[in-house]
Amino acid sequence: MKKSLIILLSTAMLLGLSACGASSSQKLVMATNAAFPPYESVEGNEIIGIDPEIAKLIADDIGRELVIEDMAFDSIIAAVQSGKADIAMAGLTVTEDRKQNINFSDPYTEAAQVIVVKKDSPVASPDDLEGKTVGVQIGTTGDIYAGDIADATIERYSKYFEAINALNQDKIDAVIVDREPAKVFVSESDELKMIDKEFTLEEYAIGVAKENTELLDQINASLKKLQESGEIDKIINKYINAE
Ligand code: ARG
C-alpha cells in the first residue's frame, strides 16, 4: 500500500517535471530557404535576415524557442503541412493557390517581382521577355509568372544564386526575382541591372498548418504588437535602406 503510493507520487512528480520542462522549451520550428538576402541568408554558421529576426521576436513573445530549418524552397509548404515545421517564413508570398494548403498570418511586409538583366540587355519591361530564356527559383511566384510569358523558355534553379550566375555567364536572358533580393544581387555585380517596372505586387506572410489555428492566432497577436511598437519596421529598415 505504502509502496504503491510512493510509486504513484513519484510518477506524478516525473510527469509534472517533464510537462514543465517541455513547456519552458517548446520549440517553434521555422522552415526557410536561406539563400534569399536580405530576408534570409547564411552568415558563418548562422542564419540572418529580416525573417529570422521577426521570427525570434514572435517566438520570444509566445514563449517558445526558435529553431530554424534551412531547406529547399519548394519543400517549405509541405514541411509545414506535415508538421515537420511549425511556421514557414521565407519571403513567402501570399497566393490563393498556397492558401489551399496552408493558412497565412496577416502580412508583415510588401514585395514585388522584378526583372534582373545584364546592363547591355535590350529588355526594358516585362513585355520584352517574350521569346526569351528566363531564370527563376523553382516553386516561387517568379516561376509562376514566367509561365505566363509568351514563348519564353523557363530555366528553374534550386537557388536564385544559380540563376544569377547563369545570367552573368549569358546562359539565360533574365531572372525574375523579388525586388529586395534583386537589389542585393545587382549590388554584388558590375554587370547586372534591375528593371524598375514591377511585374506584380505581393505581400509576405507567415505560413501555418491549417489545423494549427491556435498558433496562427498567437502569431497574428504578436505581429500586431510588434507592428504597433515599431519593432518590425526597425528590423526591416536595418536591412533595407529606405528610398
Ligand atoms: N516571394 C517568392 C515566393 O513566395 C519567392 C520567395 C523565395 N524565398 C526564399 N527564401 N528563397 O514564391
Side-chain angles (χ1 to χ4, degrees), residues 29-43 46-56 58 66-81 84-116 126 134-149 154-167 174-186 188 194-195 198-209 232 235-236 239-240:
V29 180
M30 161 179 156
T32 197
N33 172 245
F36 195 62
Y39 296 98
E40 45 264 329
S41 57
V42 177
E43 200 181 270
E46 227 194 321
I47 295 176
I48 61 150
I50 294 171
D51 289 343
E53 288 208 26
I54 294 175
K56 177 74 171 69
I58 292 172
L66 182 67
V67 176
I68 303 177
E69 294 269 358
D70 191 10
M71 60 184 75
F73 181 75
D74 60 348
S75 305
I76 292 175
I77 290 180
V80 166
Q81 278 184 295
K84 196 177 161 243
D86 301 303
I87 59 171
M89 236 180 141
L92 188 65
T93 302
V94 180
T95 73
E96 287 309 315
D97 252 13
R98 290 174 181 164
K99 278 191 199 166
Q100 310 289 311
N101 298 316
I102 53 169
N103 281 334
F104 281 100
S105 71
D106 296 328
Y108 59 90
T109 194
E110 284 171 353
Q113 295 295 309
V114 297
I115 301 165
V116 175
V134 177
V136 297
Q137 184 180 33
I138 302 168
T140 57
T141 48
D143 189 354
I144 296 162
Y145 301 130
D148 295 337
I149 304 167
I154 308 173
E155 293 291 341
R156 298 184 168 86
Y157 301 88
S158 63
K159 289 181 178 167
Y160 282 114
F161 294 117
E162 294 159 11
I164 293 292
N165 281 342
L167 181 60
V175 173
I176 300 178
V177 55
D178 302 51
R179 183 175 37 210
E180 295 308 324
K183 284 187 194 163
V184 175
F185 297 139
V186 167
E188 288 168 349
M194 182 178 113
I195 290 169
E198 279 142 2
F199 239 85
T200 53
L201 291 177
E202 306 184 338
E203 283 180 321
Y204 293 166
I206 302 171
V208 180
I232 301 243
I235 293 171
I236 293 175
Y239 286 91
I240 299 174

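Counting starts at 1 for both ligands and their atoms, following the listed order.
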Quick one: ligand 1 N/O to protein N/O pairs below 3.5 Å?
unit_1   : atom_1 : unit_2 : atom_2 : d
ligand 1 : 1 (N)  : G91    : O      : 2.8
ligand 1 : 1 (N)  : T93    : OG1    : 2.7
ligand 1 : 1 (N)  : D178   : OD2    : 2.6
ligand 1 : 4 (O)  : T93    : N      : 2.9
ligand 1 : 4 (O)  : T93    : OG1    : 3.3
ligand 1 : 4 (O)  : R98    : NH1    : 2.8
ligand 1 : 8 (N)  : A90    : O      : 2.8
ligand 1 : 10 (N) : N33    : O      : 2.9
ligand 1 : 10 (N) : E40    : OE2    : 3.1
ligand 1 : 10 (N) : A90    : O      : 3.3
ligand 1 : 11 (N) : N33    : OD1    : 3.0
ligand 1 : 11 (N) : Q137   : OE1    : 2.9
ligand 1 : 12 (O) : R98    : NH1    : 3.4
ligand 1 : 12 (O) : R98    : NH2    : 2.8
ligand 1 : 12 (O) : T141   : N      : 2.8

Problem - Test salt bridge (charged side-chain N to carboxylate O under 4.0 Å, His left out) applied to E96 - qualifying residues, sequence neighbours left out - result: K99
Practice task
Assess the side chains of Y204 and D178: does a donor N or O sit below 3.5 Å from an acceptor N or O?
Solution key: yes
Exercise for the section: Side-chain contact test, heavy atoms from C-beta onward, threshold under 4.5 Å: evaluate it for K183 versus V114 and give yes or no. Expected result: no
Could you pull out every donor-acceptor pair under 3.5 Å between side chains of residues 67-81 and any protein atom, sequence neighbours left out?
unit_1 : atom_1 : unit_2 : atom_2 : d
D70    : OD1    : A34    : N      : 2.8
Q81    : NE2    : N101   : O      : 3.4

Handout entry: Non-neighbouring partners of K84 that pass side-chain hydrogen bond (donor to acceptor under 3.5 Å, both in side chains), sequence neighbours left out
Key = none
Exercise for the section: Kindly say whether D143 contributes a backbone atom to a donor-acceptor pair with the side chain of R156 at under 3.5 angstrom? Expected result: no
